[in-house]
Amino acid sequence: MFPDAPESSAQLLQGLNPEQLAAVTWPPQSALVLAGAGSGKTRVLTTRIAWLLQTRQAGVHSIMAVTFTNKAAKEMQTRLGAMIPVNVRAMWLGTFHGLCHRFLRLHHREAELPASFQILDSGDQLSLVKRLLKSQNIAEEIIAPRSLQGFINAQKESGLRADKLEAPDPHTRRMIECYAEYDKICRREGVVDFAELMLRSYEILQRNDILRQHYQNRFNHILVDEFQDTNKLQYAWLKLMAGDSAAVFAVGDDDQSIYRFRGANVGNMTALMHEFGIDAPIKLEQNYRSVGNILAAANAVIENNDERLGKNLRTDAAAGDKIRYLSAPSDFEEAQFIIDEAKSLHREGWPLSEMAVLYRSNAQSRVIEQALFRAGVPYKIYGGLRFYERQEIKHALAYLRLAVNPDDDNALLRVINMPPRGIGARTIENLQTASAEQGISLWQAACNAGAKAAKTAAFVRLIESLRNQVGQLSLPEILAGILKDSGLIEYYQTQKSDHQDRLDNLDELVNAAIEFNPEESNFEILPDNIAAADPAFPLLAFLSNAALESGENQAGQGEDAIQLMTVHASKGLEFNVVFLTGMEEGRFPSEMSLAERGGLEEERRLMYVAITRARKRLYISMAQQRMLHGQTQFGIVSRFVEEIPPEVLHYLSAKKAAFASFDTPKPRSDIRAAETYQAAKTYGGFKIGQNVRHPKFGTGVIIDAVDKGESARLTINFGKEGVKELDTKYAKLEAV
DNA sequence: CGGTTATCGATTTTT
DNA sequence: TCGATAACCG
């Protein structure tokens, strides 16, 4: 089946540098590959799999490859397919959650789950939590739904069930009780949240010797991408899957660990080394992406972090352009600058799609977006609400879920009165009381109540007839049918606003159903897979897919547009031109992160990620004045900019611009002009928003002032030195 | 029941 | 500022 092994494997390894070659052809032992940004990480990972297969050291069935995102999994799959003729689908290649899902479908009996179990996405999870709090009569002020949701997920991701938890205080005790109740509801309704997919799989492996041994025998090679992002539970799961014999080949970069806030544990990297007998990591330090000056900046910034495994990127590329830095008078002018620059680069022939505007938080995108819109420059924003999160899509899917499992209370509540069919809060409350009293699902309660309540009975009939179609009609037929029969389409047609978008999305959903191929989903198609024989199989597969896939694989591609996204969202991407915006103390590094232990270092890693996205040209900008949350905020330049060696920076009219704006404030064309003017009042010769220098504290910005006649009391933000209150009578302040 | 007003709060996010 | 969510009234 394979071409002659030695020859073709030489071809496979062609063009790898010595570090990469060492990693790819590492003996069948565990390894940690420290792969810097742009060092060919994905290539190493995929080539190693291809090499293992081609040299027959491993068969497809004995390899597991894990990623975090569907995108990364898909990319590995395609790249692997291009390298070597192999049935990649037979391999366990996918996301942590995708593989756990597959595992639970295969072993749903051991997992004590119904064959038709459904996956809750975070929105579903939140509504379940809210429902639970209401039923327990716990006010939102006592326990916020989101905090309970976070609590439950955090516990699950540490591998802890409610009965294992100890309460240090009464408040936590209530949370633990809610956690226990939450799991009970999930079991009753046959639903599983994201963290549960992992935890349940882990527990089965732990408790079931036969299964554990089966998988430990099966997988000889476990390859993990973005290992620095794994959480405690994922690491424990990997350990169980690996057992004593499998070689874990983990690729990651501790300098790009930016997801601690959602449970990622960089400590897993050193833990892996200790527990899997790895003496030293393999370092990939040759960077193939960025020009010298950009790399120098990245290295210089990240060197300020203490807790590192140690790694320094190098490149053969020329120094290239210097990093262009602009201190703009306002967010408005910062945006304008970016647009002018992007337009001129575009005229020079750079595609817009090769330019990215990065910001720390989503709220910062608005100014830039508006400016782009006015200038007529096409742009694409990442990170809006996803296709499968839209309400009309969730409504439609809820009907499908009821078709598969009517006991899914979440789904029932979502659509029992959507479109409005006269079943109001009162009726629903009655159903909920009945369900709680008799320990039955809302659906069963609705069936019982049918005789008395005509409207409820009509809904029950609607769902019944839907259920009868399962196995009779095809998935798209069922979907299109229920959209019509339920009145959902008609409802949106009669709505005044944003109806067309929603109708288009529903059409899109039907299209997705037509094109959906269950065999390509997360299910492993095996002759003995009971799920695959179920008449509801296409529906189940489609729904699982919708929950696990964000669904913006091909959305809006084609047009040449500037890419707007948060720094987080940019991880893993690269662009010829990057505009790194909003580089102000308090925004980046974010004020909130400074309060957390290790927060500053994580922000710095984020900065490192941002810088290393750029191939050829990097712009860094800050706004001395920014409109945020309806208020004008004054800021000074981020300490991270000051960590960049001056010799790789090129200053663009920074100080001139600063003076110009405050000495001669020009009326701005938008409504905010009035507020801009207010900042021009002087206090002891200084103005709010002005930059000043203090002999001891350095440079700062005046954020507030109280006039005291002769002198003034100024509140000044000195960045690293903190916020000080100084009197102009005593403090030696000079304007900058 | 369903639309309208008031209130709150606000990094980062994948599955 | 703006958006989501909750109480409120017709």
Side-chain angles (χ1 to χ4, degrees), chain A residues 66-73 94-101 119-127 130 134 139-141 144-146 150 153 156-157 192-198 226 229-231 233-234 257-264 358-364 366-367 370 382-386 388-389 391 417-428 455 495-496 522 544-552 565-572 582 586-596 599 602-603 605-606 609-610 626-633 670-672 675:
Chain A
V66 204
T67 65
F68 273 88
T69 63
N70 292 302
K71 200 175 152 203
T95 63
F96 276 102
H97 297 269
L99 294 182
C100 285
H101 172 236
I119 300 169
L120 293 183
D121 68 23
S122 30
D124 301 329
Q125 187 187 33
L126 186 62
S127 36
K130 283 184 179 166
K134 209 160 265 169
E140 289 210 354
E141 292 77 42
R146 278 185 194 284
N153 289 335
K156 289 190 178 185
E157 280 163 15
V192 161
D193 62 48
F194 288 134
E196 187 70 29
L197 288 171
M198 290 282 336
E226 305 277 19
D229 287 340
T230 50
N231 62 34
L233 178 58
Q234 285 160 340
S257 161
I258 55 173
Y259 285 114
R260 198 184 51 165
F261 70 91
R262 66 174 196 214
L358 308 185
Y359 32 80
R360 174 66 241 264
S361 71
N362 287 306
Q364 288 163 250
R366 175 170 278 113
V367 220
Q370 284 176 341
Y382 284 76
L385 71 161
R386 279 183 273 280
Y388 285 112
E389 309 251 282
Q391 65 156 36
N417 197 33
M418 188 64 214
R421 47 172 73 87
I423 304 179
R426 170 88 314 131
T427 319
I428 293 170
K455 286 166 178 169
Q495 284 292 297
K496 286 159 248 151
N522 278 287
S544 303
N545 195 261
L548 287 168
E549 298 249 3
S550 46
E552 39 186 353
M565 67 192 83
T566 63
V567 180
H568 280 94
S570 76
K571 199 179 95 164
R587 295 233 53 77
F588 195 1
S590 122
E591 199 134 49
M592 305 191 111
S593 71
L594 296 178
E596 302 158 26
E602 175 128 331
E603 292 286 305
R605 292 192 289 271
L606 201 50
V609 167
R626 176 179 299 279
M627 188 66 132
L628 217 56
H629 307 318
Q631 275 178 324
T632 307
Q633 301 191 349
D670 58 16
I671 317 146
R672 299 173 207 154
E675 287 152 37

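Here is how names work: the chains are called A, B, and so on, in the same order as the sequence lines, proteins then strands, and each is numbered from 1. Please read these numbers as outputs of a predicted model, since none were measured by experiment.
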Within the 4.0 Å heavy-atom criterion, would you say A/N417 contacts the bases, only the backbone, or no part of the nucleic acid?
sugar-phosphate
Would you mind checking if A/K571 and A/D229 are paired as a salt bridge, meaning a charged N to carboxylate O distance below 4.0 Å?
yes
Does A/R366 put a side-chain nitrogen or oxygen below 4.0 Å from OP1 or OP2 of C/dG3?
yes
Could you check whether any side-chain heavy atom of A/M198 comes within less than 4.5 Å of a side-chain heavy atom of A/Q234, counting everything from C-beta outward?
yes
If the threshold is 4.0 Å, N to carboxylate O, is there a salt bridge linking A/R360 and A/E603?
yes
Base, sugar-phosphate, or nothing: which does A/T67 touch, judged by heavy atoms less than 4.0 Å apart?
nothing
Could you tell me how far C/dT5 sits from B/dT12 if I compare only their P atoms? Round to whole Å.
16 Å
Step-by-step side chain to side chain donor-acceptor pair (under 3.5 Å) determination, A/E596 to A/S593
CA-CA 5 Å; A/E596 302 158 26; A/S593 71; over 6 Å; no
Search all heavy atoms of A/T230 against all heavy atoms of A/F96 and return the closest pair with its distance.
CG2-CZ, 3.8 Å
Donor-acceptor contact below 3.5 Å, side chain A/Y359 vs main chain A/V567:
no
Heavy-atom protein contacts under 4.0 Å, nucleotides 9-15 of chain B, coded B base, S sugar-phosphate only, - none
-BBBBBB
Under a 90° cut-off about 0 for the syn range, is B/dT12 syn or anti?
anti
